[in-house]
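Chain letters run A, B, ... following the sequence lines, proteins first, then strands; residues in each count from 1. The analysis underlying the following values was restricted to heavy atoms, covering all of them including side chains, and did not include hydrogens, waters or symmetry mates.
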Amino acid sequence: MNTLTNLELAQLLRKMAAAYQILDENRFKIIAYERAADSIEHLTSEVKDLWDDGKLDEIPGIGQQIAKHIDELFRTGHITHFDAVMKRVPPAVFPLLLIPGIGPKKAYKLVTELDIDGKEEAVRLLAEAARAHRIAPLDGFGEKSEADILAAIETYNKGEIKENRMELPLADSIAQEVIVYIKKLGSQVIEKIDVLGSLRRQVATIGDIDIAVATQKPDTVIARFVTYPHQKLIEQGPTGASLLLHNGRQVDLRVQNPPSYGAMLQYFTGSKNHNIKLRSYGLTKGKSLNEYGIKDVKTGKMRSFGTEEEFYKELDLPWIAPELREDKGEIEASAAGKLPQLLTRADIKGDLHIHTNYNLETSHDLGTDPLSAYLDRAAGLGYKYIGISDHNPSVTKHTASQIVEIMKRRKDYYDRQTQGKNVHVFVMCEVDIQPDGKLALPDSAFDFVDAVIVSIHSSFTQTRKEMTARVIAALIAHPKVRIFGHPTGRLLTKREGVELDWKEVFAVCKERNIALEINAYPQRLDLPDSIVYDARKEGLKFCINTDSHATSQMDMMRYGVSVARRGWCEKRDIVNALEYNEFRSWLLKN
DNA sequence: GCCGTTTTCGGCCCGACTGTTTTCAGTCG
């Protein structure tokens with residue numbers, strides 16, 4: 001077992017947690033394993049690397065014991081203790097855990113009572129047992145749960161599992177439609193309505209959509225909500241309901257009376273880990289938090305809060321922006337009065353990654369709109385400058401001198417177009433980093449650009465070592481390399497990012513004052529927020545760009561700003577939040 | 001099993017919903 005990814009390691013720890021649950025181990029031990037798994041899953045560096053450096057103890061939620069187990073795993077390929085525990089649990093329980101509604105206890109009961117054997121066949125055998133009505137007679141089960149299990153298996157087999165996440169614009173539009181539908185009840189009933197959960201925190205991909213309503217007529221609101229066109233009513237109670245829509249997306253509604261709405265917003269925004277930490281923090285002050293308010297542990301007296309600001313204030317904390325609520329130190333920072341002054345969309349003065357329809361014979365996509373249209377849109381957005389970063393001309397269809405000629409012609413064209421405009425234009429280029437690390441633009445063509453963005457568009461599966469060397473070679477290939485474009489190359493829900501030694505890349509960027517791009521295109525959001533967070537700590541600078549291929553896409557800037565905010569960025573961390581003169585000095589290095 | 005601005009011991013977030021139950025266990029977020 002030479003390589004074990006973070007995800008695999010997290011899965012292993014979750015498996016242990018499930019096994020312990022079946023074996024009725026101490027429940028806090030179970031929680032400890034689940035936390036360790038969570039923590040590892042959200043790590044930006046590989047556990048293997050941390051282990052190499054003897055830094056396992058820096059991972060939150062990993063203590064002496066689990067560190068010892070991980071050490072054994074990396075040294076020998078197995079963990080004696082885990083193997084012993086797993087021997088006491090039938091392997092067939094684990095595949096059943098993937099079915100919604102089945103947890104460790106039920107899985108164990110089903111597997112043992114129904115004699116389900118074999119890992120591969122477990123789900124199929126369970127479905128057969130359900131069809132043969134062998135589940136309903138079991139203790140703790142009944143007709144309804146038998147039917148539910150069968151339905152859940154069918155959903156699972158269709159591939160409609162929870163890990164079917166969506167990008168932000170789709171989540172936005174679904175949420176808005178549902179909100180408009182609920183709001184038809186009128187402002188008498190709907191006093192406030194908000195999108196919460198991961199969408200409010202602006203996580204890169206969204207699972208379920210969460211909506212909260214402040215109302216004095218909860219029954220009316222819930223009744224209205226469940227008439228929204230849906231495929232299935234998942235659950236309904238006095239405080240809320242959940243729907244599965246026809247597009248396979250789940251929408252959760254929670255209602256609350258207006259005086260307690262602040263606690264509701266806080267609770268329903270999450271993240272789960274933020275809430276857990278905040279509740280622990282509250283307890284140190286003798287205060288117990290829940291979705292209705294804050295209870296004094298001694299007196300048992302409950303206080304409610306109409307707004308989130310009041311809720312946090314009760315804990316002597318300044319309000320924490322939703323994008324920060326991931327338990328990455330925001331509660332401690334708030335308590336110390338050291339929360340960042342987060343970047344806002346209004347701070348952005350320009351967009352440096354724009355593709356126009358000028359045909360420079362690239363092998364990638366051209367934009368659809370002319371420069372003039374982008375300039376109009378940029379003025380509308382309040383920008384002071386933009387950068388035109390068309391893809392380089394195709395290197396397979398042209399000789400070097402032809403490329404130089406194309407680039408010269410293009411510069412002349414843009415220079416004529418930009419005279420007398422009040423938005424400044426930088427003539428740039430998005431240059432491919434070829435598999436060997438060479439830039440796809442001849443040296444002499446650099447005379448016809450102000451600066452370039454370098455990015456990877458091919459050979460995504462090189463090893464970490466090759467990829468790191470490739471990127472660094474490109475970053476130092478020419479002084480006009482100023483931005484590293486969509487650094488991981490990931491496409492959300494489609495393609496994983498490349499493997500890079502970030503420390504090395506950060507060091508080179510810092511030395512040459514190169515900015516890391518935060519690509520705001522919703523399918524990219526690249527750099528990912530967690531790497532932005534790490535890079536910012538190292539003092540790196542960022543350039544937030546939309547990578548627009550049409551003027552309408554320039555509006556996606558806000559998603560890039562969200563990524564920066566989730567990475568704790570302030571205005572000073574972002575090069576395109578600089579005024580024109582300062583930005584120009586940075587870009588042109590003078 | 002983890003962790004520390006009261007602690008190296010003794011705590012550990014909190015509640016809703018469902019289906020099965022006559023007061024609760026399991027699952028989920």
Side-chain angles (χ1 to χ4, degrees), chain A residues 13 16-18 20-22 24-39 56-57 59-70 81-82 85 96-110 135-149 152 162 196-198 207-210 212 218 222 233-242 250 252-256 260 263-264 266-295 297 302 315-316 327 331-332 335-336:
Chain A
L13 292 170
M16 277 300 288
Y20 277 146
Q21 228 163 317
I22 289 165
D24 276 325
E25 258 291 352
N26 177 318
R27 67 192 178 100
F28 296 110
K29 191 193 235 181
I30 296 162
I31 291 171
Y33 270 86
E34 282 170 349
R35 275 205 182 164
D38 266 0
S39 176
L56 282 184
D57 58 348
I59 306 172
I62 308 278
Q64 250 184 1
Q65 273 307 317
I66 297 183
K68 217 174 82 190
H69 292 321
I70 293 175
H81 174 64
F82 283 16
V85 172
L96 300 190
L97 297 179
L98 299 173
I99 295 162
I102 297 185
K105 296 279 192 177
K106 282 188 187 171
Y108 181 70
K109 179 129 194 159
L110 290 167
I135 292 177
L138 300 178
D139 249 7
F141 291 85
E143 295 291 336
K144 183 71 168 73
S145 46
E146 183 174 85
D148 285 349
I149 286 172
K162 292 166 266 178
L196 300 178
S198 53
D208 302 341
I209 289 168
D210 303 306
I222 293 167
L233 174 60
I234 297 169
E235 63 183 20
Q236 181 175 357
T239 62
S242 297
Q250 185 176 330
D252 299 333
L253 175 82
R254 290 278 175 135
V255 294
Q256 184 61 278
S260 296
M264 156 105 308
Q266 200 289 319
Y267 164 76
F268 215 14
T269 295
S271 68
K272 186 182 164 191
N273 287 337
H274 173 83
N275 285 354
I276 289 173
K277 177 64 81 63
L278 193 67
R279 285 170 180 188
S280 300
Y281 181 81
L283 284 177
T284 67
K285 294 177 170 272
K287 289 167 182 178
S288 170
L289 283 50
N290 63 34
E291 63 217 79
Y292 304 104
I294 297 178
K295 192 166 70 179
V297 176
M302 182 83 142
L315 301 169
D316 298 322
D327 189 20
I331 292 168
E332 295 84 342

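Rounded to whole Å, the distance from CG on A:D327 to C1' on B:dC3 is 13 Å. Nucleotide B:dT27 holds its P atom 18 Å from the CD1 atom of A:I234, rounded to whole Å. The distance from atom CZ of A:F82 to atom C1' of B:dG1 is 11 Å, rounded to the nearest whole Å. Rounding to whole angstrom units, CG of residue A:D252 and P of B:dC17 are separated by 12 Å. The CD1 atom of A:I222 sits 13 Å away from the C1' atom of B:dC17 (whole-angstrom rounding). Atom-to-atom, CD of A:E332 to P of B:dT5 comes out at 9 Å; the value is rounded to the nearest Å. Atom CD1 of A:I30 is separated from atom C1' of B:dC2 by 14 Å (rounded to the nearest Å). When the P atom of B:dC2 is taken as reference, atom CG of A:N273 falls 17 Å away, rounded to whole Å.
For B:dT21, the base adopts the anti conformation, since its glycosidic angle falls more than 90 degrees from zero.
Atom OG of A:S242 sits about 10.0 Å away from atom CD of A:Q236, to the nearest 0.5 Å. Atoms NZ and CD, on A:K277 and A:E332 in that order, are 4.0 Å from each other to the nearest 0.5 Å.
When the ring-ring contact (aromatic ring centres under 6.0 Å, His included) test is applied to A:Y33, the partners found at least two apart in sequence or on another chain are A:Y20.
Mapping A:Q65 and A:Q250 onto DNA chain B by nearest heavy atom places A:Q65 at the nucleotide closer to the 5' end. Two residues, A:I66 and A:G103, neighbour DNA chain B, and the one matched to the more 5' nucleotide by heavy-atom proximity is A:I66.
The same atom, C1', is picked in B:dC2 and in B:dC13; the two are 15 Å apart, to the nearest Å. Using P as the reference atom, B:dT20 and B:dC28 are 16 Å apart when rounded to the nearest Å. Here the separation of B:dT21 from B:dG26, taken at their C1' atoms, is 13 Å to the nearest Å. Between B:dT6 and B:dG11, the two C1' atoms lie 13 Å apart (nearest whole Å). Nucleotides B:dG10 and B:dG15 are separated by 26 Å at their P atoms, to the nearest Å. Spacing of P atoms, B:dG1 relative to B:dT7, comes out at 26 Å, to the nearest Å. Of the P atoms belonging to B:dC9 and B:dC14, the separation is 25 Å, rounded to the nearest Å.
For the pair A:R254 and A:D210, the salt-bridge criterion is not met [side-chain N within less than 4.0 Å of a carboxylate O]. Salt bridge annotation for A:D24-A:K105: present, with a cationic side-chain nitrogen under 4.0 angstrom from a carboxylate oxygen.
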Report each atom pair, protein N/O against N/O of nucleotides 12-15 of chain B, whose distance is under 3.5 angstrom.
residue, atom, partner, partner atom, Å
B:dC13, OP2, A:R35, NH2, 3.2
B:dC13, O2, A:R279, NH1, 2.5
B:dC14, OP1, A:S288, OG, 2.9
B:dC14, O4', A:R279, NH1, 3.0
B:dG15, OP1, A:N290, ND2, 3.1

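When atom types are taken as modelled, the side chain of A:S280 and the backbone of A:I276 share a donor-acceptor pair closer than 3.5 angstrom. Using modelled atom types, no side-chain atom of A:E291 and backbone atom of A:Y267 make a donor-acceptor pair closer than 3.5 Å.
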Inset, instruction - Sugar-phosphate atoms are those with a prime plus P, OP1 and OP2; base atoms are the rest. Using that split, label each nucleotide of nucleotides 19-24 of chain B B, S or - for protein heavy atoms under 4.0 Å, 5' to 3'. - result: SS----
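Closest of all the heavy-atom pairs between A:D139 and A:K109 is O-CE, 3.3 Å.
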Legend entry - Intermediate values then yes/no, side chain to side chain donor-acceptor pair (under 3.5 Å), A:Q266 and A:N275: CA-CA 8 Å; A:Q266 200 289 319; A:N275 285 354; 3.1 Å; yes
Inset, instruction - Evaluate the side-chain contact (heavy atoms from CB on, under 4.5 Å) criterion for residues A:K287 and A:K295: first the C-alpha distance (whole Å), next the side-chain angles of each, then the deciding distance (0.1 Å), finally the verdict. - result: CA-CA 6 Å; A:K287 289 167 182 178; A:K295 192 166 70 179; over 6 Å; no
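For A:T239, counting side-chain heavy atoms from C-beta on, the closest listed nucleotide (B:dG1, B:dC17, B:dT27) is B:dC17.
A:I149 is listed as a side-chain neighbour of A:F141, based on a closest heavy-atom distance under 4.5 Å.
Base pairing of B:dG15 is made with B:dC28, judged by Watson-Crick or G-U wobble geometry with both donor-acceptor distances under 3.5 Å.
Across all strands shown, A:E25 has no heavy atoms under 4.0 Å from either base or sugar-phosphate atoms.
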